[in-house]
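One structure coming up, written as structure tokens, with questions to follow.
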Amino acid sequence: MIENDGSLREWVGVHIDITDATIAADALRAADQRKDEFLATLAHELRNPLAAIRTAAALLVRADLPPERVTWASGIVARQSRIMASLLDELLDLSRFRSGSVALQPERVDAASLVESAVETVQHLIDAKGHRLSVQLPPSPSPLLLEVDRLRTTQVLINLLTNAAKYTDPGGRLTIAAAGIDGSACFQVIDNGIGVAPESLAEIFAMFAQVRSESDRSSGGLGIGLTLAKRLVELQGGRIEAHSDGLGRGSVFRVRLPVVRDADEPQVPGRTI
């Protein structure tokens with residue numbers, strides 16, 4: 001307030017704390033950037049197999065192509081088509097989660113069979129990179145039983161084992177293990193690969209957070225495997241967590257799922273969540 005002589009007697013001001021708004025705006029910008037990176041990765045991952053298929057198709061229309069070249073080109077089409085199908089399956093799974101229409105078909109399964117199926121699927125990648133894989137399973141006389149969707153739970157272990165193989169330099173050491181701990185089935189995937197920075201651990205399962213620019217450290221993929229794995233585990237009453245001592249010091253991923261407590265209990269029917 002100003003006096004008659006022009007001097008200032010008092011003043012009134014308004015202070016607005018914009019900290020929360022600033023944080024929210026920064027988060028939105030970061031999310032937009034991750035989405036842009038994801039779309040760029042998607043375009044890159046689809047373009048590569050498509051280019052190989054187009055090259056092979058151009059060869060196959062030639063009437064003078066030797067039989068061995070026909071076999072070679074046909075193999076390219078088959079392999080690259082599988083890669084594209086896998087990428088599209090990830091996108092479809094992502095869409096199903098966002099729409100809330102993921103169907104689960106629980107059945108009684110042995111933890112060892114889930115690990116064995118995952119290893120069988122990823123073995124070609126492990127062999128291609130010259131990794132040494134250790135598989136640790138519960139004793140066979142005492143099976144570790146779970147009531148889960150066999151296909152989806154195997155998919156979780158495949159995603160974790162694939163990540164471990166991709167982000168470990170050739171000749172690395174990988175371990176996949178299953179054990180009963182505190183009333184749960186505990187699965188672990190351990191590697192001595194590139195590790196995770198401490199500041200990234202909190203967001204490692206977040207949507208789009210795993211898109212990497214260092215494409216030479218990866219064998220392809222959209223970087224949403226960990227997001228899908230987390231949601232599949234949580235839908236089945238479990239939890240998943242990641243640990244790393246830092247960059248270059250490897251990673252440990254643990255999945256815990258409830259075990260079957262009474263072998264005489266009826267199986268849970270399939271459901272849509």
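Being a predicted model, the structure only gives us computed values, none of them experimental.
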What pair of heavy atoms forms the shortest contact from Thr154 to Ser117, and how long is it?
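Scanning both residues completely, I find the closest heavy atoms to be CG2-CB, 3.8 Å.
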Any chance you could measure Glu241, atom CD, to His243, atom NE2, to the nearest 0.5 Å?
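The CD atom of Glu241 sits 3.5 Å away from the NE2 atom of His243.
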Beyond-backbone contact of Lys129 with Thr168, side-chain heavy atoms, under 4.5 angstrom:
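A side-chain contact under 4.5 Å is absent here.
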Give a yes or no on whether Leu144 and Phe187 share a hydrophobic cluster (residues Ile, Leu, Val, Met, Phe, Trp, Tyr; joining criterion: side-chain heavy atoms under 4.5 Å apart).
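Per the 4.5 Å side-chain linkage, Leu144 and Phe187 are not co-clustered.
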Would you check if the side chain of Asp191 reaches a backbone N or O of Ser251 as a donor-acceptor pair within less than 3.5 Å?
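Flag set: sc Asp191 to bb Ser251 pair under 3.5 Å.
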Would you say the side chain of Arg256 lies within less than 4.5 Å of the side chain of Ile181, judging by non-hydrogen atoms?
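Heavy-atom side-chain distance check passes, below 4.5 Å.
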Mind checking whether Gln155 and Asp149 have side chains closer than 4.5 Å, heavy atoms only?
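No, side chains not in contact.
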Side-chain contact test, heavy atoms from C-beta onward, threshold under 4.5 Å: evaluate it for His124 versus Asp127 and give yes or no.
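No - every pair of side-chain heavy atoms lies 4.5 Å or more apart.
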Please tell me whether Leu125 and Leu228 are part of a single hydrophobic cluster in this structure, the criterion being side-chain heavy atoms less than 4.5 Å apart.
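Shared cluster, yes.
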Under a 4.5 Å side-chain heavy-atom rule over Ile, Leu, Val, Met, Phe, Trp and Tyr, are Val252 and Val255 clustered together?
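No, it is not one cluster - the side chains of Val252 and Val255 are not joined through contacts under 4.5 Å.
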Kindly give the heavy-atom pair with the smallest separation between Ala73 and Ala56, and that separation in Å.
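Between these two residues, the closest heavy atoms are O-CB, 3.5 Å.
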Side-chain heavy atoms of Gln188 within contact of Thr175, under 4.5 Å:
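Result no, sub-4.5 Å side-chain heavy-atom pair not found.
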Examine distances only and state if a side-chain atom of Ser184 and a backbone atom of Pro258 form a donor-acceptor pair shorter than 3.5 Å.
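Judged by distance alone, no pair lies under 3.5 Å.
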Can you tell me how far the CG atom of Asn159 sits from the CZ atom of Phe253, to the nearest 0.5 Å?
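CZ of Phe253 is found 11.0 Å from CG of Asn159.
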Specify the closest pair of heavy atoms between Ile53 and Ser81, including all atoms of both residues, with the distance to one decimal.
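Closest pair (atom of Ile53, atom of Ser81, distance): CD1-OG, 3.8 Å.
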Minimum heavy-atom separation for Ala242 to Ile204, with atom names?
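That would be CB-CG2, 4.1 Å.
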Step by step, would you call Leu161 with Ile126 a side-chain contact (heavy atoms from CB on, under 4.5 Å)?
CA-CA 9 Å; Leu161 195 53; Ile126 294 172; 4.3 Å; yes
Test applied, side-chain contact (heavy atoms from CB on, under 4.5 Å); reference residue, Val148; option that passes from Leu235, Val109, Val260
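Going through Leu235, Val109, Val260 one by one, the side-chain contact (heavy atoms from CB on, under 4.5 Å) with Val148 is satisfied by Val109 alone.
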Starting at CZ of Arg254, measure out to CD1 of Ile190 and round the result to the nearest 0.5 Å.
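These two atoms lie 7.0 Å from each other.
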How close do Ala164 and Leu174 get, heavy atom to heavy atom, and via which atoms?
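Ala164 and Leu174 have their closest heavy atoms at O-CD2, 3.8 Å.
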Applying side-chain contact (heavy atoms from CB on, under 4.5 Å) to Val135 and Glu116, what does each step give before you reach the verdict?
CA-CA 9 Å; Val135 180; Glu116 290 165 355; 5.9 Å; no
Look up atom CG in Leu146 and atom CD in Glu107, then write down how far apart they are to the nearest 0.5 Å.
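With rounding to 0.5 Å, CG (Leu146) is 11.0 Å from CD (Glu107).
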Report yes or no: do Val259 and Leu257 belong to one cluster of Ile/Leu/Val/Met/Phe/Trp/Tyr joined by side chain heavy-atom distances under 4.5 Å?
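No, it is not one cluster - the side chains of Val259 and Leu257 are not joined through contacts under 4.5 Å.
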Return all side-chain donor-acceptor pairs below 3.5 angstrom for residues 59-72, not counting sequence neighbours, or 'none' if the list is empty.
residue : atom : partner : partner atom : Å
Arg62   : NE   : Asp64   : OD1          : 3.4
Thr71   : OG1  : Pro67   : O            : 3.2

What is the distance from atom CZ of Arg152 to atom CG of Leu114, rounded to the nearest 0.5 Å?
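Output value for this atom pair is 14.5 Å.
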In terms of heavy-atom contacts, does CD of Gln136 have more than 12 from other residues, nucleotides or ligands at under 6.0 Å?
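Atom CD in Gln136 is packed in, count exceeds 12.
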May I ask you to test the Gln236-Pro106 pair for a side-chain heavy-atom distance under 4.5 Å?
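Contact flag for Gln236/Pro106 side chains = no.
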Do you know the tightest heavy-atom contact between Gly195 and Leu247?
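Scanning both residues completely, I find the closest heavy atoms to be O-CD2, 4.1 Å.
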Distance check, rounded to the nearest 0.5 Å: Leu232 atom CG versus Leu104 atom CG?
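These two atoms lie 7.5 Å from each other.
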Within the side chain of Asn192, is there an N or O that forms a donor-acceptor pair under 3.5 Å with the backbone of Arg173?
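Looks like yes, one N/O pair under 3.5 Å.
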Counting N and O atoms only, with roles assigned by atom type, does the side chain of Lys230 sit under 3.5 Å from a partner on the main chain of Ile240, one being a donor and the other an acceptor?
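No: the side chain of Lys230 does not pair with the backbone of Ile240.
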